[in-house]
Amino acid sequence: MVIAFQKYTPGAEPEWVGTANFTRVVQDPEFAAAWRNTLTFTLLALLIGFAIPFVLALVLNELRHARAFFRIVVYLPVMIPPVVSALLWKWFYDPGAGLANEALRFLHLPTSNWSNGADTALVSLVIVATWATMGGTVLIYLAALQSIPGELYEAAELDGASLLQRVRHVTIPQTRFVILMLMLLQIIATMQVFTEPFVITGGGPENATVTVLYLIYKYAFLYNDFGGACALSVMLLLLLGLFSAGYLRLTRTDGEAA
């Protein structure tokens, strides 16, 4: 925080510049692009990466055979180092001989630029992040589902409720606290996305995947502007602090109610 208000160069005496770092960072054309990409990534991650783990947990909860095997399969991506996972998907998305386009050609469907296209790069990274992290979320959902009393489902079935009605009127109300907690944690995590744009796209094409954390990296280690990097970090800290406060308040309220 102190460096955010200084002109700081390693090996030189720091110089106090007040809010000049914040002003310079805000005026940077990449600033708006980074925040727009980060917020869009977070929204897409909620739409794509929030629903899929819940659906997978519902499916796993209904399985009667090979449940342990499928749990391992779902959780396996979490055990792969993030950089290895990103490199794997970078090859997968290769517009030439990548497996994604090869599969589309096999199905006689039009190919895509995936992470190399300005319109598709961000969505491609969301898919990578969802695949890499959903295993832990699925297990948490699965634990919440298994804590729901079976009598509630039996009563719903006796009333003639369909599967979707049971999910809507029993499953979601009984797990709403877990859903809200994971949503807040996912917002905090996805707004700090760095590995995927750094390894797969390098922030491109045309700054389409530059995120706030990636821009912080560029200021510090490419521009050698640690004051600007810290100023941007403080902005991100304040925003994430709001979501963190909401999470802590939610968990404290639930503990007091219990």
Side-chain angles (χ1 to χ4, degrees), residues 25-26 28-58 74 77-78 82 85-86 89-90 92-93 100 112-138 140-141 167-168 172 175-218 232-251:
V25 166
V26 171
D28 186 348
E30 285 188 299
F31 176 84
W35 280 103
R36 182 176 62 251
N37 293 337
T38 300
L39 294 174
T40 303
F41 185 96
T42 301
L43 178 60
L44 291 175
L46 287 176
L47 294 176
I48 298 174
F50 197 68
I52 292 177
F54 188 72
V55 173
L56 285 176
L58 289 174
V74 170
V78 180
S85 175
W89 279 90
K90 184 176 182 179
F92 184 82
Y93 281 146
S112 172
N113 285 327
W114 298 108
S115 59
N116 290 333
D119 297 332
T120 57
L122 203 60
V123 178
S124 300
L125 297 188
V126 171
I127 294 173
V128 176
T130 300
W131 176 84
T133 60
M134 70 178 180
T137 306
V138 169
I140 295 174
Y141 277 138
V167 171
R168 178 183 176 185
I172 293 179
T175 58
R176 64 184 182 277
F177 175 71
V178 174
I179 292 174
L180 184 56
M181 273 204 312
L182 289 177
M183 182 178 69
L184 289 173
L185 289 175
Q186 184 168 355
I187 291 173
I188 294 170
T190 53
M191 289 199 69
Q192 300 179 74
V193 60
F194 173 77
T195 303
E196 289 80 9
F198 177 73
V199 175
I200 299 177
T201 63
E206 302 173 7
N207 286 336
T209 58
V210 171
T211 61
V212 174
L213 213 61
Y214 187 74
L215 186 58
I216 292 172
Y217 161 80
K218 291 179 69 175
L232 192 54
S233 299
V234 169
M235 295 180 193
L236 182 61
L237 170 67
L238 293 176
L239 180 61
L240 294 184
L242 296 176
F243 291 106
S244 299
Y247 170 77
L248 293 174
R249 181 177 179 82
L250 179 66
T251 53

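By convention here, the first residue in the shown sequence is residue 1.
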4.5 Å side-chain heavy-atom contact, F41 and T209: no

Passing option when M235 is tested against V26, L240, V212 for side-chain contact (heavy atoms from CB on, under 4.5 Å): V26

Taking Q186 for the side chain and A45 for the main chain, is one N or O donor matched with an acceptor at less than 3.5 Å? yes

Would you call the rings of F198 and Y214 parallel, tilted or perpendicular, where under 30° means parallel and over 60° means perpendicular? tilted

Heavy-atom closest pair, residues A121 and S115: CB-O, 3.6 Å

Check side-chain hydrogen bond (donor to acceptor under 3.5 Å, both in side chains) between S124 and all other residues, then give those that pass, not counting sequence neighbours. none

Atom pair CH2 (W35) and OG1 (T40), whose distance is rounded to the nearest 0.5 Å: 12.5 Å

Under the side chain to side chain contact (heavy atoms under 4.5 Å, CB included) rule, what do Y141 and V178 come out as? Steps first, then yes or no, please. CA-CA 7 Å; Y141 277 138; V178 174; 4.3 Å; yes

Keeping the roles fixed (side chain from T190, backbone from T42), state whether a donor-acceptor pair exists under 3.5 Å. no

For N37 and V210, indicate whether the former's side chain and the latter's backbone hold a donor-acceptor pair under 3.5 Å. yes

Shortest non-hydrogen pair, K90 vs I200, comes out as CE-O, 3.8 Å

Pair W131, W89 - check side chain to side chain contact (heavy atoms under 4.5 Å, CB included), show working. CA-CA 10 Å; W131 176 84; W89 279 90; 3.1 Å; yes

Once rounded to the nearest 0.5 Å, what's the spacing between atom CG of L122 and atom OG1 of T201? 8.5 Å

Out of curiosity, L182 CG to I140 CD1, how far, rounded to the nearest 0.5 Å? 5.0 Å

Rounded to the nearest 0.5 Å, how far apart are CD1 of I216 and CG of L232? 4.5 Å

Flag, side chain of T211 to backbone of F194, donor-acceptor distance under 3.5 Å: no

Search all heavy atoms of V193 against all heavy atoms of L213 and return the closest pair with its distance. O-CB, 3.7 Å

Minimal non-hydrogen separation, L47 against A51, with atom names: O-CB, 3.9 Å

Out of curiosity, I48 CD1 to L44 CG, how far, rounded to the nearest 0.5 Å? 5.5 Å

Where is the tightest heavy-atom contact between T137 and P53, given as atom of each residue plus distance? CG2-CB, 3.8 Å

Kindly indicate whether the side chain of N116, heavy atoms from C-beta on, has any atom under 4.5 Å from the side chain of P205. no

Shortest non-hydrogen contact from M191 toward L39: CE-CD2, 3.8 Å

Atom CZ of F243 and atom CD1 of I187: how far apart are they, to the nearest 0.5 Å? 5.0 Å

Would you please test Y93 and I127 for side chain to side chain contact (heavy atoms under 4.5 Å, CB included) and show each step? CA-CA 11 Å; Y93 281 146; I127 294 173; 3.6 Å; yes

